[in-house]
Amino acid sequence: MHGNLLAEALLDIATYYLGGLSIGLASPKVRVWEPAVAAVISVFLVMSVGMWLPMRYLSFNLVKALITSVVAFGLAWTGAVHGEKLTRQL
């Protein structure tokens with residue numbers, strides 16, 4: 001059970017980095033902030049579902065959402081910067 005949750009968490013974390021990297025590689029112009037802002041919006045959208053869940057562990061918590069947003073923002077921004085550096089646009 002715990003192995004599945006760990007694998008899911010690692011895939012979620014990798015998704016933000018790889019999403020930023022793919023946008024950095026594919027965009028013809030410099031795009032660094034767009035994937036990072038989109039990551040924050042997606043975190044808040046996904047975590048807002050917790051407002052309607054009866055379970056306390058999965059309920060919406062602003063501190064948890066902010067911490068997750070900072071991590072997602074950093075990973076997506078870093079991926080976009082690496083993608084831009086690989087295409088020599090940055």
Side-chain angles (χ1 to χ4, degrees):
M1 174 91 176
H2 295 295
N4 291 340
L5 292 176
L6 178 61
E8 182 180 348
L10 291 175
L11 286 173
D12 288 343
I13 289 171
T15 300
Y16 291 115
Y17 176 80
L18 293 174
L21 182 70
S22 63
I23 291 173
L25 287 171
S27 66
K29 296 182 181 178
V30 176
R31 303 268 187 242
V32 177
W33 295 105
E34 289 86 350
V37 171
V40 171
I41 292 170
S42 71
V43 165
F44 271 94
L45 287 175
V46 168
M47 292 187 101
S48 68
V49 173
M51 289 190 281
W52 293 281
L53 292 177
M55 296 172 277
R56 184 165 174 81
Y57 175 72
L58 296 175
S59 65
F60 182 78
N61 184 347
L62 185 61
V63 174
K64 186 169 43 171
L66 289 174
I67 291 170
T68 307
S69 294
V70 168
V71 171
F73 181 90
L75 288 170
W77 186 80
T78 303
V81 167
H82 288 161
E84 295 293 343
K85 285 184 178 180
L86 286 173
T87 60
R88 303 203 193 286
Q89 292 181 13
L90 192 68

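Just so it is clear, the structure is predicted and the values come from calculations on it, not from any experiment.
Of the inter-residue distances, the one linking Tyr17 atom OH with Ile13 atom CD1 reads 14.0 Å to the nearest 0.5 angstrom. Remark: Lys64 NZ to Leu62 CG distance equals 11.5 Å, nearest 0.5 Å. Leu75 contributes atom CG, which lies 12.0 Å from atom CG of Leu21 (distance to the nearest 0.5 angstrom). In this structure, CG in Leu18 is found 11.5 Å from CD1 in Ile23, a value given to the nearest 0.5 Å.
Note on residues 42-51: no pairs pass salt bridge (charged side-chain N to carboxylate O under 4.0 Å, His left out), not counting sequence neighbours.
The other residues sharing a hydrophobic cluster with Val63 are Ile67, where clustering joins ILVMFWY side chains under 4.5 Å apart.
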Only pairs under 3.5 Å count here: list side-chain donor-acceptor contacts from residues 31-48, not counting sequence neighbours, and write none if there are none.
| from | atom 1 | to | atom 2 | distance (Å) |
| --- | --- | --- | --- | --- |
| Ser42 | OG | Ala38 | O | 3.4 |
| Ser42 | OG | Ala39 | O | 2.8 |
| Ser48 | OG | Phe44 | O | 3.3 |
| Ser48 | OG | Leu45 | O | 2.7 |

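Follow the hydrophobic side-chain contacts under 4.5 Å out from Trp77 and you reach Leu66 in the same cluster.
When every heavy atom of Ala65 is checked against every heavy atom of Ser69, the shortest pair comes out as O-OG, 2.7 Å. Across all non-hydrogen atoms, the minimal contact from Leu86 to Leu25 is CB-CD2, 3.8 Å.
Looking only at distances, a side-chain donor or acceptor of Ser22 sits under 3.5 Å from a matching main-chain atom of Gly19.
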